[in-house]
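Below: one structure, written as structure tokens.
All heavy atoms count here, side chains included; hydrogens, waters and symmetry mates do not. Computed from a prediction, not measured in an experiment: that's the story for all the values here.
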Amino acid sequence: MAGNRWLEPHGVSVHIGSQIRSADPFGAALERLNKLVRQLGREGIELKAVDAGGGLGIDYHGGKFDPAAHVRAYAAAVGAALEGFEGRLLIEPGRFLVAQAGTLVARVLQVKRNGRKTFVITDAAMNDLIRPALYQAYHEIVPVKPRSGRARTVDVVGPVCETGDFFARDRKLAPVEAGDLVALLDAGAYGMAQSSNYNTRPRAAEVLVEGATARLIRRRETVADLLAVEMV
């Protein structure tokens, strides 16, 4: 490559996975990457950039979580691993920045009991937040206005006629009744981005909340929107 006039080496990328909540694996990966960069330099290939990828995880389970501490640990690990590298560092924190900034709010349509099972049916569905149905991802679910009473084990599901249309199975949830609002937390990273019009369902509105102020930033879709591109 060093002697090929048609190629201009620029950088190298690495991605070791997502939802990694310790900085140590990133440090270990970038140490190896830095060795590669130095080896290539000795061979006459000077790289100008290193892409450290993404994957810094968040806590979806509602436990104690200190984002600033994670960032400090990540920065320290990356800085130590890339010691001596003078080029450009690229990182892709994505989910870590936006996941916890988004919440899907749904209304309970019905609480249905079938034998030993209790189903909380909401007006949101797998088309609005597909992560649980697609790869059994966990999202904390909480009532917007909690009722008194003991938590019970329920399945939180959508109204689409699909066995995969669920948000949680066998989950402890505070009491809710038809008409209540529930919040599905940490939906900022893959909520709207992975939403669809499956089952002819218009996508939800998006509301930006800043302090005590809320404003609509994306209106709710209508069936007319879905049919607008049809050519009969």
Side-chain angles (χ1 to χ4, degrees), residues 1-104 126 128-141 167-168 183-196 206 208-210 217:
M1 182 186 294
N4 191 321
R5 62 174 177 157
W6 304 110
L7 297 177
E8 181 182 346
H10 181 77
V12 61
S13 300
V14 63
H15 179 64
I16 60 173
S18 60
Q19 269 304 91
I20 299 170
R21 300 194 47 208
S22 168
D24 295 340
F26 295 104
L30 290 175
E31 281 182 10
R32 298 184 65 176
L33 200 67
N34 201 11
K35 289 179 181 177
L36 174 62
V37 170
R38 292 197 297 268
Q39 177 186 337
L40 291 174
R42 291 191 295 269
E43 297 174 7
I45 301 172
E46 296 292 338
L47 297 183
K48 304 176 181 66
V50 164
D51 182 350
L56 189 59
I58 69 165
D59 180 13
Y60 280 102
H61 288 74
K64 185 178 179 181
F65 183 59
D66 185 347
H70 278 64
V71 170
R72 285 193 296 269
Y74 177 81
V78 170
L82 293 179
E83 184 177 0
F85 177 68
E86 299 295 336
R88 186 180 184 189
L89 171 64
L90 306 174
I91 58 173
E92 304 163 34
R95 177 209 311 255
F96 186 80
L97 297 178
V98 301
Q100 294 183 310
T103 296
L104 173 61
M126 60 190 291
D128 299 300
L129 183 64
I130 198 172
R131 294 185 74 244
L134 186 62
Y135 41 80
Q136 291 73 57
Y138 182 99
H139 285 264
E140 192 78 10
I141 303 173
F167 296 120
L184 288 82
L185 306 184
D186 307 320
Y190 302 107
M192 185 59 76
Q194 290 185 336
S195 64
S196 73
E206 287 186 291
L208 179 65
V209 179
E210 185 176 2
I217 59 173

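- Between the side chains of Glu140 and Tyr138, a donor-acceptor pair is found at a separation under 3.5 Å.
- The two residues Leu47 and Phe85 come nearest to each other via the heavy atoms O-CE1, 3.9 Å.
- Within 6.0 Å of CZ in Arg21 there are more than 12 heavy atoms belonging to other residues, nucleotides or ligands.
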Ignoring hydrogens and angles, write down the donor-acceptor pairs under 3.5 Å from the side chains of residues 49-62, residues two or more places apart or on other chains.
{"residue": "Asp51", "atom": "OD1", "partner": "Gly53", "partner atom": "N", "Å": "2.8"}
{"residue": "Asp59", "atom": "OD1", "partner": "His61", "partner atom": "N", "Å": "2.9"}
{"residue": "Asp59", "atom": "OD2", "partner": "Gly63", "partner atom": "N", "Å": "2.8"}
{"residue": "Tyr60", "atom": "OH", "partner": "Arg95", "partner atom": "NH1", "Å": "2.9"}

May I have the list of side-chain donor-acceptor pairs in residues 33-41 shorter than 3.5 Å, sequence neighbours left out?
{"residue": "Asn34", "atom": "ND2", "partner": "Ala81", "partner atom": "O", "Å": "3.0"}
{"residue": "Asn34", "atom": "ND2", "partner": "Glu83", "partner atom": "O", "Å": "3.2"}
{"residue": "Gln39", "atom": "NE2", "partner": "Glu43", "partner atom": "OE2", "Å": "3.4"}

Check residues 64-80 and write down every donor-acceptor pair under 3.5 Å in which the side-chain atom is one partner and the other belongs to a residue at least two apart or another chain.
{"residue": "Asp66", "atom": "OD1", "partner": "Ala68", "partner atom": "N", "Å": "3.3"}
{"residue": "Asp66", "atom": "OD1", "partner": "Ala69", "partner atom": "N", "Å": "3.3"}
{"residue": "His70", "atom": "ND1", "partner": "Asp66", "partner atom": "O", "Å": "3.1"}

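- One distance of note links CG of Leu129 with CZ of Phe167; it measures 5.5 Å at 0.5 Å rounding.
- Glu86 is not listed as a side-chain neighbour of Glu46, based on a closest heavy-atom distance of 4.5 Å or more.
- Annotation: side-chain hydrogen bond (donor to acceptor under 3.5 Å, both in side chains) contacts of Arg131 (sequence neighbours excluded): Tyr135, His139.
- Within the structure, ring-ring contact (aromatic ring centres under 6.0 Å, His included) contacts touching residues 2-24 (residues at least two apart or in different chains) do not occur.
- The salt bridge (Lys or Arg N to Asp or Glu O under 4.0 Å) test applied to Asp128 returns Arg201, not counting sequence neighbours.
- Screening Leu184, Leu185, Leu104 against Ile141 for a side chain to side chain contact (heavy atoms under 4.5 Å, CB included) leaves a single residue, Leu184.
- A 6.0 Å sphere centred on CD of Gln136 holds more than 12 heavy atoms belonging to other residues, nucleotides or ligands.
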